[in-house]
Amino acid sequence: MKHNKLKALRVEHGLTQTQMAKLIGIGITTYNNKENGKVDFNITEIEKIKKLFHKSYEEIFFRQSAHDTQYIA
């Protein structure tokens, strides 16, 4: 599934996919595939993303519905 919250955070912070890829140490094609849900982020990449945005894993990769938390990764 696409990581819409991650994309929103990236755009909100004025970052391109190329910049994000460099910040977490992966190639642009790999980053694009991961942001679009074709490939999973690994734990090291997730940790870098959490630190970059000062957010928890849940805040980045989960969404809140009216009744529960749903995984969107």
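In this chain, numbering begins with 1 at the start of the sequence shown.
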Worked verdict on Met20 versus Leu6 for side-chain contact (heavy atoms from CB on, under 4.5 Å): CA-CA 10 Å; Met20 279 293 294; Leu6 176 57; 4.3 Å; yes
Distance (rounded to the nearest 0.5 Å) between Lys5 NZ and Arg10 CZ: 16.0 Å
Derivation of the side-chain contact (heavy atoms from CB on, under 4.5 Å) call for Leu9 and Leu15: CA-CA 9 Å; Leu9 281 169; Leu15 297 168; over 6 Å; no
Pair listing, side chain to side chain donor-acceptor pair (under 3.5 Å) test, anchored in residues 14-27, at least two apart: Thr16-Gln19, Gln17-Asn32, Gln17-Glu35
Residue list, side-chain contact (heavy atoms from CB on, under 4.5 Å) with Lys51, at least two apart or on another chain: none
Any residue meeting side-chain contact (heavy atoms from CB on, under 4.5 Å) with Val39, in chain and number order, not counting sequence neighbours: Asn33, Lys34
Parallel, tilted or perpendicular: ring planes of Phe61 versus His3, cut at 30 and 60 degrees: perpendicular
Basic-acidic side-chain contact under 4.0 Å: Lys50, Glu47: yes
Hydrophobic cluster identity match, Tyr57 and Tyr31, side-chain contacts under 4.5 Å: yes
Sole candidate of Ile49, Ile60, Thr30 that passes side chain to side chain contact (heavy atoms under 4.5 Å, CB included) when paired with Phe41: Ile49
N/O donor-acceptor pair under 3.5 Å between Asn36 side chain and Lys38 backbone: no
Note, Lys48 side chain near Leu23 side chain (heavy atom, < 4.5 Å): no
Glu59: partners by salt bridge (Lys or Arg N to Asp or Glu O under 4.0 Å), with sequence neighbours left out: none
